[in-house]
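Below you'll find the structure, written out as structure tokens, and then a few comments.
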Number of protein chains: 2
Amino acid sequence: MPKTKVTIKDVAREADVNPSVVSRVLNKDSTLKVREETRERVWEAAAKLNYRPNRMAKMLRTKKSKMIAVLISKFSDLYFTAILEGIVWVAEERGYIISVFSTEEDRKKGSKCIETVYEYGMDGAILASSYVEEKTLQQLRYSSVPMVMLRRSSREFGVMGMLADELAGVSMVMEHLIGLGHQKIAHISGELFSRSGLKRFEGYRKALYENGIPYRVEYVQESDQTEKGSYDAMMRLLELEDPPTAVFAFNDTVAFGAMSAIRDKGLRIPDDISVVGHDNTILSEHTYPRLTTVDSRMKDMGELAAKMLIDAIEGKENAGERGEPECDIKIEPRFVVRESTGRVRK
Amino acid sequence: MPKTKVTIKDVAREADVNPSVVSRVLNKDSTLKVREETRERVWEAAAKLNYRPNRMAKMLRTKKSKMIAVLISKFSDLYFTAILEGIVWVAEERGYIISVFSTEEDRKKGSKCIETVYEYGMDGAILASSYVEEKTLQQLRYSSVPMVMLRRSSREFGVMGMLADELAGVSMVMEHLIGLGHQKIAHISGELFSRSGLKRFEGYRKALYENGIPYRVEYVQESDQTEKGSYDAMMRLLELEDPPTAVFAFNDTVAFGAMSAIRDKGLRIPDDISVVGHDNTILSEHTYPRLTTVDSRMKDMGELAAKMLIDAIEGKENAGERGEPECDIKIEPRFVVRESTGRVRK
DNA sequence: CTGAAAGCGCTTACAG
DNA sequence: CTGAAAGCGCTTACAG
């Protein structure tokens, strides 16, 4: 192992050429005309000495670090692993390493992370957290470091944005339930001031309307997205005079809370009431019964984000100015039918 | 933002001193005697220009990257997030950034990751994966890059090791069950060629012996640690002539499989049979009923690993050769009682 | 076809 | 108390 680091000079000496030739051969510089025999000598020398170019020197010279930053808000985020997996997968393929930062739901800290990204000369960043000071966020537009924001629209900050197609997902949920004969469909919503909370509620209303099912205010319960809050919300639904036969929960965690309430009321899922979640987190395979849900395809989102980012990074080299950064990419969700939904009871 | 990067020369010009003075002031070089007034001018100039030293240049010069690598085997590992959280927490505190690599259960790939760690000049690495070629592993001993291995003994590779105290955890499980009056305690083991599989089985036998409970071969079922395999193992237990009243499952996933089998047999948990898991993964809070389990304190393990690693990195600077790397640190588990265990039925 | 030189942005002995 | 210089290990115009 690197007892004494072997440098380009060592290789040059071994191959009996100038260091610059070593560099150009090893980097496959196409503009270089070199005798085949020399080229081989260089490769052999490099292999013999087990030469690994020093990245730090390379970085300093080329202004390219081959490092990408990923900002997340908190580790307990159930999406985090899937997103990161997708990112790491394509990053590795394209020769980048990734560095993880946690903003911790603290905008000051988020801004510091961005500072660090610049300081370390990272080539780009994927922001899966928007806990960043407004000021910093606004400056992103003028930064020469490409970034892509997950779950945020590009229009806000002039960087590439990537979103789930919320309406499409909810539409799948509602078609499924209506197809099973349900008419009394309730919705335990997320916070109705967040984008996804609003979007999913909108999709719910839209589907009812399009299917000629009257909207009932009492069938919509806002939850704080905790299990406890969702449990309470479900209890309120179950205590209605005319309780629903199916519930569309804002996400899987909310669905869990709801399922507990249903069981505590002595009702069976899906015989008495059907439950649908959203997000297809690791948890949804492990509920009892296993949860029907919408897969937001977070791994795919991570992959796509990394691809777009790296394209932007490498495109920049040629293009000079980066082109249209202000585009939103939508990811189509997938519907996953498991055991928590069934035909409506007669 | 960094439209045109400001360098140490810009600050020097602004403060009207030599770049070397800027460097020494900003790095709080204690050997430097400098007029208070000059010092202030430097700080002001740096602040005014919003100067951030270029890490790449600094790295190249000082041979310190302030970067730590974390190797994991796969993203679906339920421990991963907790370990990483602990690591990131202390790394940030001490001024290091962390870089994540996935070995993917592929030793070749693992060795490549290690290569990359050297190439990028990382200051140290935490190996939460041992999917690394044997050859590479053996060379770790002679590497000048400090490393700590998680869930592996140090003796194998001459690097610091960190282990859970398996026997202590199992002992807690058994005391709990015996305290609830259980005598017919089964064990769905993990693979009996893995360290943890063996250790937990050993703990199970030991506890039986120490409590004067006879060991019954048919009460131990080896599982492949999948849910399906564990389901089958539990079914075998339930079909015994004299079935157990309590089961200690190798880990939470195994416990899930077992719980499904119990439910499918029409039995209730914990009324008819108690179930204990191991690891306190995110899942265990979400089973029905919620799972009693052993908390391996992975976040703490991550924190401790990062602390030890950074101490080694920084200790090296002074100490020259690093001291005793061959030490195993054991993490004491904690027992978490939830709802899947109860008094034995009369 | 290959070499010599400059320079990326820092830090650190060494002068003065 | 502060400055000038060398050098970390590369890459890349420029010579020849």
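Order of the sequence lines fixes the chain letters, A, B, ..., with proteins taken first and strands second; residue numbering starts at 1 for each chain.
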Whole-Å gap separating P (dG3(C)) and NZ (K9(A)): 15 Å

Toward the 5' end of DNA chain D, which comes first, T38(B) or T62(B), by nearest nucleotide? T38(B)

Could you check whether R61(B) gets within reach of a base, just the sugar-phosphate, or nothing at all, counting any heavy atom under 4.0 Å? base

Round to the nearest Å and state the distance from M56(B) atom CE to dG7(D) atom P. 24 Å

Calculate the interatomic distance between D10(A) atom CG and dC8(D) atom P; express it in whole Å. 12 Å

Would you indicate, yes or no, if dC8(D) has its OP1 or OP2 atom less than 4.0 angstrom from a side-chain nitrogen or oxygen of N54(A)? no

Please state how far atom CG in N27(A) lies from atom P in dG9(D), giving the value in whole angstrom units. 17 Å

Taking all non-hydrogen atoms of both residues into account, name the closest pair between N50(A) and V6(A) and its distance. O-CG1, 4.2 Å

Please determine whether a side-chain nitrogen or oxygen atom of K58(B) lies at a distance below 4.0 Å from atom OP1 or OP2 of dG9(C). no

When both distances are under 3.5 Å in a Watson-Crick or G-U wobble arrangement, the nucleotide paired with dA13(D) is none

Should T7(A) be listed as having a side-chain N or O under 4.0 Å from OP1 or OP2 of dC8(D)? no

For Y118(B) and S143(B), does a side-chain donor sit closer than 3.5 Å to a side-chain acceptor? yes

Over how many whole Å does the gap from K64(A) atom NZ to dG9(D) atom P extend? 22 Å

Considering only NZ, NE, NH1 and NH2 on the basic side and carboxylate oxygens on the acidic side, decide whether E36(B) and R39(B) come within less than 4.0 Å. yes

Under 3.5 Å, is there a donor-acceptor pair linking the side chains of S111(B) and R107(B)? no

Euclidean distance, atom CD1 of residue I8(A) to atom C1' of dG7(D) [Å, nearest integer]: 16 Å

Donor-acceptor pair between S73(B) and S129(B) side chains, under 3.5 angstrom: no

Is any NZ, NE, NH1 or NH2 atom of the basic residue among K112(B) and E115(B) found under 4.0 Å from an Asp or Glu carboxylate oxygen of the other? no

Measure from CD on E36(B) to P on dT2(D) and round the result to the nearest Å. 11 Å

Report the nucleotide, chosen from dG3(D), dT2(D), dT11(D), that has the shortest atom-to-atom distance to any side-chain atom of N18(B). dG3(D)

For E119(A) and dC10(C), give me the distance from atom CD to atom C1', rounded to whole Å. 13 Å

Output yes when K74(A) and E85(B) qualify as a salt bridge under the 4.0 Å nitrogen-oxygen rule, no when they do not. no

Do the side-chain N and O atoms of T7(A) and Y51(A) include a donor-acceptor pair separated by under 3.5 angstrom? no

Let's see if you can work this out: which of dT12(C), dC10(D), dC1(C) has an atom nearest to the side-chain heavy atoms of R35(A)? dC1(C)

Nucleotide forming a Watson-Crick or wobble pair with dA4(C), both distances under 3.5 Å: none

Taking only side-chain N and O atoms of Y51(A), does any of them lie within less than 4.0 angstrom of OP1 or OP2 on dG9(D)? no

What pairs of nitrogen or oxygen atoms, one from the protein and one from nucleotides 13-16 of chain C, lie under 3.5 Å apart?
{"residue": "dA13(C)", "atom": "N6", "partner": "R24(B)", "partner atom": "NH1", "Å": "3.1"}

Would you say K63(A) places a side-chain N or O within less than 4.0 Å of OP1 or OP2 belonging to dG9(C)? yes

